[in-house]
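Side chains included, hydrogens not; waters and symmetry mates left out as well; all remaining heavy atoms used. Start at 1 with the first residue, then count along the sequence.
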Amino acid sequence: MFNLLRMELYQVKRSKSAYICFGLLLFATVFMFGMMWLLASPQGQEIALRIGMLSLEEVKESEYILEGYDSLSFFRNICLDGGAYNLIFGIWVMLFVCGDFQSGFIKNIMALHQNRWNYIGSKVLTAWIVNFCFLTLHLFSALVMNRMCGDLVPYAGWKEIVFYLSWIWFVTTAFAALIVFICVLTRSVAAGSLAAVLLGSGAIVRLLWGILNLFHCGEWLKYSISMTCELGPEKYTSVKDLYVYAVGFGFLALYTLIGVIVLRRKDI
């Protein structure tokens with residue numbers, strides 16, 4: 001499997017899709033900090049007034065727009081809480097997996113690696129590594145932008161950052177395993193793209209949440225991947241906060257196992 005993993009990582013390094021997807025995250029970071037600088041900083045507000053972006057009344061209202069935020073909560077608000085990160089990451093995973101089926105390269109891989117665990121395992125491990133790079137570089141770019149904007153929000157403690165990044169890493173990798181499973185099942189770019197958009201953005205889960213809450217039976221959805229990403233804790237306060245790791249590890253193992261079973265039962 002590790003020979004296959006090296007090949008997958010080499011493929012990621014040479015492909016453009018990973019760089020384009022990270023570029024979208026970087027653009028979102030720059031855009032959000034730029035907008036908040038215009039709305040919340042004295043220098044930005046002066047420019048916004050001059051170009052007619054804000055009125056005097058709106059300037060007074062926007063003074064407290066970042067109240068209660070620190071660098072970690074603002075980082076979450078850029079892409080992760082709203083599902084944009086999972087959407088972008090899911091599209092990359094879809095391209096990464098479906099490319100093998102579209103090009104027919106999957107037949108060569110299966111001829112050399114007949115154990116289906118090797119293929120699914122290498123895909124999930126590659127997504128796990130790329131996900132770590134995306135998250136850490138995304139956070140680093142947010143910290144750099146915060147510094148460039150004159151410390152727009154106070155910095156969070158390193159313990160909070162490590163706790164949050166550790167669990168969100170596994171939960172978002174579990175989402176990647178879900179996309180791998182869907183792509184292996186359907187072998188369709190359209191189906192994989194639709195799954196990345198609807199499941200990554202949380203649209204389906206939010207719709208289901210709204211319907212089930214009418215009957216007071218939607219609490220279990222808090223343990224779904226998208227709701228965990230949105231509602232999971234920033235700081236460790238008690239043992240109850242560790243449920244996010246159970247969600248991440250549980251779904252990661254489940255979707256990886258199902259992906260292997262599907263690949264074993266379907267002809268290549």
Side-chain angles (χ1 to χ4, degrees), residues 24-25 28 32 68-69 72-94 97-98 120 124 127-128 131 134-135 160 163-262 265:
L24 293 174
L25 295 175
M32 284 294 293
Y69 279 92
L72 181 57
S73 55
F74 192 76
F75 165 71
R76 288 188 65 167
N77 199 49
I78 293 172
C79 287
L80 285 155
D81 284 357
Y85 181 88
N86 274 337
L87 190 154
I88 294 170
F89 183 51
I91 288 175
W92 172 78
V93 173
M94 177 275 298
V97 177
C98 287
I120 298 296
V124 173
W128 190 57
N131 190 22
F134 275 15
L135 286 171
E160 287 80 9
F163 173 70
Y164 175 73
L165 279 187
S166 63
W167 71 257
I168 199 69
W169 181 25
F170 283 100
V171 174
T172 48
T173 302
F175 177 73
L178 170 60
I179 298 300
V180 170
F181 154 64
I182 292 173
C183 291
V184 168
L185 176 66
T186 64
R187 304 179 186 185
S188 167
V189 171
S193 301
L194 191 63
V197 172
L198 295 180
L199 297 175
S201 65
I204 291 180
V205 174
R206 288 191 186 93
L207 177 62
L208 191 59
W209 170 276
I211 294 173
L212 292 178
N213 275 344
L214 295 175
F215 305 97
H216 308 287
C217 58
E219 286 299 308
W220 60 274
L221 281 173
K222 290 194 299 184
Y223 303 104
S224 64
I225 291 175
S226 61
M227 294 297 283
T228 300
C229 288
E230 185 174 345
L231 303 176
E234 285 183 14
K235 301 177 181 179
Y236 174 76
T237 57
S238 68
V239 177
K240 292 181 180 179
D241 292 332
L242 299 180
Y243 83 92
V244 288
Y245 291 101
V247 171
F249 282 114
F251 280 116
L252 179 58
L254 174 65
Y255 291 129
T256 301
L257 177 61
I258 295 176
V260 173
I261 294 173
V262 168
R265 294 188 175 183

Novice: Between V124 and L252, is any pair of side-chain heavy atoms under 4.5 Å apart?
Specialist: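 In contact.
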Novice: Under a 3.5 Å distance rule, please check whether S166 uses its side chain to pair with a backbone N or O of F163 as donor and acceptor.
Specialist: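 Pair found, side chain donor or acceptor close to backbone of F163.
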Novice: How many angstroms lie between atom OG1 of T173 and atom CG of L135, to the nearest 0.5 angstrom?
Specialist: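 Result: 7.5 Å between the selected atoms.
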Novice: Rounded to the nearest 0.5 Å, how far does CE of M32 lie from CG of N77?
Specialist: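 That separation rounds to 5.5 Å.
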Novice: Taking atom OH as the centre, does Y223 end up with more than 12 heavy-atom neighbours from other residues, nucleotides or ligands that are less than 6.0 angstrom away?
Specialist: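 Open: at most 12 neighbouring heavy atoms sit under 6.0 Å from OH of Y223.
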Novice: Testing the basics here: between C229 and T172, what is the closest heavy-atom pair and its distance to 0.1 Å?
Specialist: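 Answer, listing the atom of C229 first, then T172: SG-CG2, 4.2 Å.
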Novice: Going by heavy atoms in the side chains, are E160 and K235 under 4.5 Å from each other?
Specialist: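 Sidechains of K235 and E160: in contact.
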Novice: Ring pair (Phe, Tyr, Trp, His ring centres under 6.0 Å) between F170 and Y245: does it pass, once the steps are laid out?
Specialist: CA-CA 7 Å; F170 283 100; Y245 291 101; 7.1 Å; no
Novice: Can you tell me how far SG of C98 sits from CD1 of I91, rounded to the nearest 0.5 angstrom?
Specialist: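 Result: 12.0 Å between the selected atoms.
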Novice: Can you find a heavy atom in the side chain of S73 that is under 4.5 Å from one in the side chain of Y164?
Specialist: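 No; the side chains remain at least 4.5 Å from each other.
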Novice: Could you report the tightest heavy-atom contact between M94 and S193, atom names first, then the distance?
Specialist: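 What the structure gives for the nearest pair is CE-OG, 3.1 Å.
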Novice: May I ask you to test the L87-S201 pair for a side-chain heavy-atom distance under 4.5 Å?
Specialist: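 The answer is yes; the side chains approach within 4.5 Å.
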Novice: So which heavy atom on A174 is nearest to which on F251, and how close?
Specialist: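 Heavy-atom minimum between the residues: CB-CB, 3.8 Å.
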Novice: Would you call the rings of W92 and F89 parallel, tilted or perpendicular, taking 30° and 60° as the class edges?
Specialist: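 W92 vs F89 ring planes: parallel.
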Novice: Give a yes or no answer on whether the side chain of W167 reaches the backbone of V247 with a donor-acceptor pair at less than 3.5 Å.
Specialist: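 Absent.
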Novice: Please tell me if the side chains of L185 and I258 come closer than 4.5 Å, counting only heavy atoms from C-beta onward.
Specialist: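 Side chain of L185 against side chain of I258, heavy atoms only: no contact under 4.5 Å found.
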Novice: Identify the two heavy atoms, one from C79 and one from L25, that lie closest to each other, and give their separation to 0.1 Å.
Specialist: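 Looking at all heavy atoms of both residues, the shortest contact is SG-CD2, 3.9 Å.
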Novice: Nearest 0.5 Å, please: how far is CG in D81 from CZ in F74?
Specialist: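 Atom-to-atom, F74:CZ and D81:CG are 12.0 Å apart.
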Novice: Can you name the closest pair of heavy atoms from I182 and A195 and give their distance?
Specialist: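 That closest heavy-atom pairing would be CD1-CB, 3.6 Å.
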Novice: Go through I179 and V97 one step at a time and tell me if the side-chain contact (heavy atoms from CB on, under 4.5 Å) criterion holds.
Specialist: CA-CA 9 Å; I179 298 300; V97 177; over 6 Å; no
Novice: More than 12 non-hydrogen atoms from neighbouring residues, nucleotides or ligands closer than 6.0 Å to OH on Y69, yes or no?
Specialist: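 No.
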Novice: Please round to the nearest 0.5 Å and tell me the distance separating atom OH of Y255 and atom CZ of F181.
Specialist: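 The CZ atom of F181 is 8.0 Å from OH of Y255, to the nearest 0.5 Å.
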Novice: Once rounded to the nearest 0.5 Å, what's the spacing between atom CG of L199 and atom CD1 of I204?
Specialist: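 Result: 4.5 Å between the selected atoms.
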Novice: Is the closest side-chain heavy-atom distance between W220 and L212 below 4.5 Å?
Specialist: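 Touching, per the 4.5 Å side-chain cut-off.
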Novice: Checking D241 side chain against S238 main chain: does a donor-acceptor pair fall under 3.5 Å?
Specialist: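 It does hold such a pair.
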Novice: Using the rule side-chain hydrogen bond (donor to acceptor under 3.5 Å, both in side chains), only one of R76, K222, R206 pairs with E230; which is it?
Specialist: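 Among R76, K222, R206, the one meeting side-chain hydrogen bond (donor to acceptor under 3.5 Å, both in side chains) with E230 is R206.
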Novice: With a 4.5 Å limit on heavy-atom distance, are the side chains of I168 and Y85 in contact?
Specialist: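 Side-chain contact under 4.5 Å: no.
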